[in-house]
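Right, one structure below, let's go through it.
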Number of protein chains: 2
Amino acid sequence: MDSKKFEKIFSALSSPLRLQITLLMAKRPLCVCELENIFDVSQPAISQNLKILKEANLIDERKEKQWTFFSTNKEILHSVFSEFFELLEKEDTFIEIAGLKISDLPYDPKKSCEILRKKKKL
Amino acid sequence: MDSKKFEKIFSALSSPLRLQITLLMAKRPLCVCELENIFDVSQPAISQNLKILKEANLIDERKEKQWTFFSTNKEILHSVFSEFFELLEKEDTFIEIAGLKISDLPYDPKKSCEILRKKKKL
DNA sequence: TAAGCATATTAGCATATGCTTATGAAGATT
DNA sequence: AATCTTCATAAGCATATGCTAATATGCTTA
């Protein structure tokens, strides 16, 4: 299961500044010079954080005259979160290290741990 | 706006290990000794990560005999993510540092930045 | 072509994070 | 009671993160 996408998005949204920026940019597009004044941080801090949001695929950008306007891509946010919930509800999960599915594990920790430890030794 | 809750949850889910643990525990309750064998990390690493998930309010725990079973609280996940999307769609947002709403900002960066800079100096 | 503005990038630094090993505490088992 | 087992906590360390100041890039306009 590839969860890099989720990690990137959750990580991008885990910083107070980036979360606020994301919420603001969901209302309307904003440029770096506006954001730098709205939040009291340096211009590079804004650019760096926008880069992280961009790499998480969370924002759109559009150049207009001398400015670059950034905005939150709410559609992607919605679709990724939907995917995440599908994964949460998916009936079974493969346990890579042990080469078995979670449904193969007995409910008794004594037995399940023994199975897992054996698998690990191989 | 209080966004600590969201930061905590996003941060909790931003680590590969915690994300995997969360997905597994969504399928069924698991104890520390099982998790420590499923993922190849030390027992304290599991406990510490469960603590972070617990502080984000993402897991339930239940003692049974000598074990403590942890499971993902999917209801809370759903409700918090819903709240997050409401916040995303909320029509207006207050810009604390400038003492104004985002809808008060003109669309022209030249004007908006000037307004913001003035507000900051006060 | 030069100057000015918006944004990106780099280097450097302080703090946060995430693991390990060692140890502690509480309940279960002998 | 003594020992195991399970889980939590603490200390220590390496790496990651997030800012600032300095600098570069690239576009716009005089």
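Every chain is numbered from 1, with letters handed out A, B, ... down the list of sequences.
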**Study point:** Cluster check B:W67, B:I46: I/L/V/M/F/W/Y, side chain < 4.5 angstrom
**Key:** no
Check your understanding: Could you give the distance from CD1 (A:I76) to NE2 (A:H78), rounded to the nearest 0.5 Å?
Key -> 12.5 Å
Check your understanding: Does any non-hydrogen side-chain atom of B:L77 lie less than 4.5 Å from one of B:L13?
Key -> yes
Practice item. Using whole Å, report how far CZ of A:F70 lies from P of C:dT7. Key: 7 Å
Point to revise | Dot-bracket notation for DNA chain D, counting Watson-Crick and G-U pairs under 3.5 Å, with | for partners on another strand | key: ||||||||||||||||||||||||||||||
Exercise for review: To the nearest Å, give me how far apart CD (A:E55) and C1' (C:dA8) are.
Suggested key: 12 Å
**Study point:** Close side-chain approach of A:F70 and A:L53, heavy atoms under 4.5 Å
**Key:** no
Point to revise | Whole-Å distance separating the CG atom of B:L116 from the P atom of C:dA6 | key: 13 Å
Point to revise | pair B:Q43-B:V32: side-chain heavy atoms closer than 4.5 Å | key: yes
Exercise for review: By nearest nucleotide on DNA chain C, pick out whichever of B:L17 and A:F69 is the more 5' one.
Suggested key: A:F69
Review point. To the nearest angstrom, how far is B:E36 atom CD from D:dA8 atom C1'?
Key: 13 Å
Point to revise | Distance-only donor-acceptor check, side chains B:S3 and B:E7, under 3.5 Å | key: yes
Practice item. Kindly state which residues belonging to residues 37-51 of chain B come within less than 4.0 angstrom of DNA chain D, counting heavy atoms of the residue only, listed by number. Key: B:Q43, B:P44, B:S47, B:Q48, B:K51
Point to revise | Parallel, tilted or perpendicular: ring planes of B:F10 versus A:F81, cut at 30 and 60 degrees | key: tilted
Exercise for review: Between B:T68 and A:S15, name the one whose nearest nucleotide on DNA chain D is closer to the 5' end.
Suggested key: B:T68
**Study point:** Minimum heavy-atom distance B:P29-B:R62, with the two atoms named
**Key:** CG-NH1, 4.1 Å
Point to revise | Student check: side-chain heavy atoms of A:M25 and A:F69 closer than 4.5 Å | key: no
Review point. Whole Å only: how far is the CG atom of A:L13 from the P atom of D:dT17?
Key: 15 Å
Review point. Given atom NZ of B:K63 and atom P of D:dA8, what is their separation to the nearest angstrom?
Key: 7 Å
Point to revise | Side-chain heavy atoms of A:V80 within contact of A:N57, under 4.5 Å | key: no
**Study point:** Taking every non-hydrogen atom, the tightest pair across B:T72 and B:I59
**Key:** CA-CG2, 4.1 Å
Review point. For the pair made of CG in A:L35 and P in C:dA8, what is the distance, rounded to whole Å?
Key: 11 Å
Where do N or O atoms of nucleotides 28-30 of chain C meet protein N or O atoms at under 3.5 Å, pair by pair?
none

Practice item. Let me know the distance between CZ of A:R117 and C1' of D:dT5, rounded to the nearest Å. Key: 10 Å
